Amino acid sequence: MQLLIFILAYPILWLTSILPFPLFYLFSDFVFFLIFHVFKYRRSVVKNNIALALPHLSEKERATIERKFYRHMCDLFLEMIKSMTMSKREIKKRFVFTNIELLKEYEKRGKSIIVMCSHYGNWEWMMSMALHMDSKGYAIYSRLGNKYFDQLVRKIRARFDGHLIVTNDTIRVITDNKEKGILAGYGFASDQSPMLQRSFYWDDFMGVEVPVHTGAEMLAKRLDLNMIFAGVKKIKRGYYEATFEELVDHPREHEDYVISSMFLRKAEKQIYEAPEYYLWTHKRWKHAGKKHEVVRELVEKKKTSSDV
């Protein structure tokens with residue numbers, strides 16, 4: 001069944017990817033009409049998320065952000081498809097890194113880095129970072145349920161010199177690279193909600209206390225990797241800019257979770273500046289207000305396992 005779905009879908013994806021950009025974005029407008037007005041995809045989730053994260057705005061202002069977000073989301077997911085056939089030259093023109101020299105400086109120092117970003121702008125085109133590096137570029141991701149689409153995603157990333165690491169293999173791959181002296185940049189999108197059984201740290205995100213991914217910080221401390229934040233701006237339709245900011249140069253000198261909190265503050269700042277480019281369809285705040293309940297359950301489980 002997986003193969004059949006892939007065989008049926010692939011020609012549509014490929015034909016979409018080769019559309020000239022003017023027609024491509026006209027098609028995105030049509031998809032927006034279907035998603036927003038006809039299917040109303042996750043409208044309630046988006047509306048609730050925006051209301052929770054941006055309570056200072058009026059209902060009319062939040063409705064405007066919602067509509068703009070859906071237009072951007074349709075562009076975003078079609079731009080992912082466009083990556084199937086885009087040239088390296090084209091993606092370099094449309095996704096510009098304003099200070100790539102910061103990464104070059106780390107390479108000269110023989111340092112591998114962790115690049116942290118949020119699900120904002122076009123994080124998928126961030127993969128083109130590898131085209132500007134002498135070291136290897138990786139992105140951490142969750143394997144897709146359909147193995148054929150998973151292979152396609154890997155193939156697309158490879159077109160732009162990027163490599164994917166499945167979440168469960170992250171520690172092993174990065175540790176092996178460190179031991180072999182392989183310089184690399186590792187991309188982490190760490191703003192979504194972790195599984196509750198791994199919720200060791202909670203922090204305010206957009207004014208709401210939520211569980212936070214801390215894996216990137218822990219790996220940086222374990223392997224002495226420098227940490228950078230990649231902020232993204234959408235310049236106009238189909239064009240983005242990314243600017244790197246150093247989070248910390250020596251992660252081991254910072255107390256646990258301080259760096260994760262620093263990342264959240266950077267992510268919040270860009271969302272407040274232009275909230276329509278954040279991925280509001282994810283249930284980022286689904287565990288809001290559950291901290292004490294979750295911590296109690298984790299303590300009970302730990303106690304039970306130790307008793308056994």
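One-based numbering along the sequence shown. What you are looking at is a predicted structure, and each value in this text was computed from that prediction instead of being measured.
Between D161 and K136, no side-chain nitrogen of the basic residue sits less than 4.0 Å from a carboxylate oxygen of the acidic one, so the salt-bridge criterion is not met. We find that D150 and R154 are joined by a salt bridge, their nearest charged nitrogen and carboxylate oxygen being less than 4.0 Å apart. Between K111 and E107 there is no salt bridge, since no side-chain nitrogen of the basic residue lies less than 4.0 Å from a carboxylate oxygen of the acidic one. The pair D224-K178 fails the salt-bridge criterion, with no side-chain N (NZ, NE, NH1 or NH2) lying under 4.0 Å from an Asp/Glu carboxylate O. Taking the charged nitrogens against the carboxylate oxygens, R172 and D169 do have a contact shorter than 4.0 Å, which makes a salt bridge. A salt bridge does not link E101 with K108: every distance from a Lys NZ or Arg NE/NH1/NH2 to an Asp or Glu carboxylate oxygen is 4.0 Å or more. Between D191 and K266 there is no salt bridge, since none of the side-chain N atoms of the basic residue sits less than 4.0 Å from a carboxylate O of the acidic one. Taking 4.0 Å as the cut-off between side-chain N and carboxylate O, K93 and E90 count as a salt-bridged pair.
In this structure, I165 and Y186 have side chains that are in contact, with non-hydrogen atoms separated by less than 4.5 Å. Taking the side chain as every heavy atom from C-beta outward, R143 and N168 never approach each other to under 4.5 Å.
Checked by atom type, the side-chain pair S83/E124 shows no donor-acceptor distance below 3.5 Å. Side chains of S260 and E217: a donor-acceptor N/O pair is present below 3.5 angstrom, by distance only. A donor-acceptor contact under 3.5 angstrom links the side chains of Y138 and N177, judged on distance only. Using a 3.5 Å distance cut-off with no hydrogens or angles, the side chains of N99 and T243 do not pair a donor with an acceptor. In this model, a donor atom of one side chain and an acceptor atom of the other lie less than 3.5 Å apart for S58 and E61.
In terms of the side-chain contact (heavy atoms from CB on, under 4.5 Å) criterion, residue partners of D249 (sequence neighbours excluded) are, by chain and number, Y106, R109, N226, E246. In this view, R43 and E66 satisfy the salt bridge (Lys or Arg N to Asp or Glu O under 4.0 Å) rule, not counting sequence neighbours.
By the 6.0 Å and 45° rule, K82 stacks over the aromatic ring of F21.
Between the side chain of T170 and the backbone N or O of T167, at least one donor-acceptor pair lies under 3.5 Å. Judged by distance alone, with hydrogens and angles left aside, the side-chain atoms of T175 form a donor-acceptor pair with the main-chain N or O of I171 at under 3.5 Å. Not a single donor-acceptor pair under 3.5 Å links the side chain of E245 to the backbone N or O of G231. Checked by atom type and distance alone, the side chain of R42 pairs as donor or acceptor with a backbone atom of T281 at under 3.5 Å. Judged by distance alone, the side chain of R252 and the main-chain N or O of K221 form a donor-acceptor pair under 3.5 Å. Although no hydrogens or angles enter the test, the distance criterion places no donor-acceptor pair under 3.5 Å between the side chain of W125 and the main chain of Y239. With hydrogens and angles ignored, the 3.5 Å screen pairs no side-chain donor or acceptor of S112 with any backbone N or O of L225. Put simply, the side chain of R94 never gets that close to the backbone of Y240: no donor and acceptor are under 3.5 Å apart.
In this structure, CD on Q192 lies 6.0 Å from CG on L279, to the nearest 0.5 angstrom. In this structure, the separation between CE on M206 and CG on L52 is 9.5 Å, given to the nearest 0.5 Å. Between Y25 atom OH and C74 atom SG the span is 12.0 Å, to the nearest 0.5 Å. Between L19 atom CG and I81 atom CD1 the span is 10.0 Å, to the nearest 0.5 Å. Atom-to-atom distance recorded for I156:CD1 and M84:CE is 5.5 Å, nearest 0.5 angstrom. A distance of 9.0 Å separates OG of S128 from CG of N122, quoted to the nearest 0.5 Å.
Considering E79, E276, K234 as possible partners of H72, the one that fulfils the side chain to side chain contact (heavy atoms under 4.5 Å, CB included) test is K234.
In this structure, W123 and F77 have perpendicular ring planes: the angle between them is above 60°, well past the 30° mark. The aromatic rings of F205 and W285 lie parallel to each other, their planes meeting at an angle below 30°, with 60° marking the opposite boundary. In this pair, Y10 and F6 present their aromatic rings tilted. The plane angle is within the 30 to 60° band.
V173 and L183 sit in two unconnected hydrophobic clusters of ILVMFWY residues. Membership requires side-chain heavy atoms under 4.5 Å apart, directly or through other members. Hydrophobic clustering (ILVMFWY, side-chain heavy atoms < 4.5 Å, transitive): I5 and M80 are in one cluster. Linking Ile, Leu, Val, Met, Phe, Trp and Tyr whenever their side-chain heavy atoms come within less than 4.5 Å leaves I12 and F24 in two separate clusters.
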Trace of the side-chain contact (heavy atoms from CB on, under 4.5 Å) decision for Q270 with Y278 = CA-CA 9 Å; Q270 69 176 2; Y278 187 61; over 6 Å; no

Tell me, with the steps shown, if Y70 and F32 meet ring pair (Phe, Tyr, Trp, His ring centres under 6.0 Å).
-> CA-CA 7 Å; Y70 273 96; F32 162 75; 7.3 Å; no

Passes salt bridge (Lys or Arg N to Asp or Glu O under 4.0 Å), D29 versus R237? Steps please.
-> CA-CA 12 Å; D29 290 338; R237 203 172 197 184; 2.7 Å; yes

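H132 and F97 have their aromatic ring centers within a separation under 6.0 angstrom.
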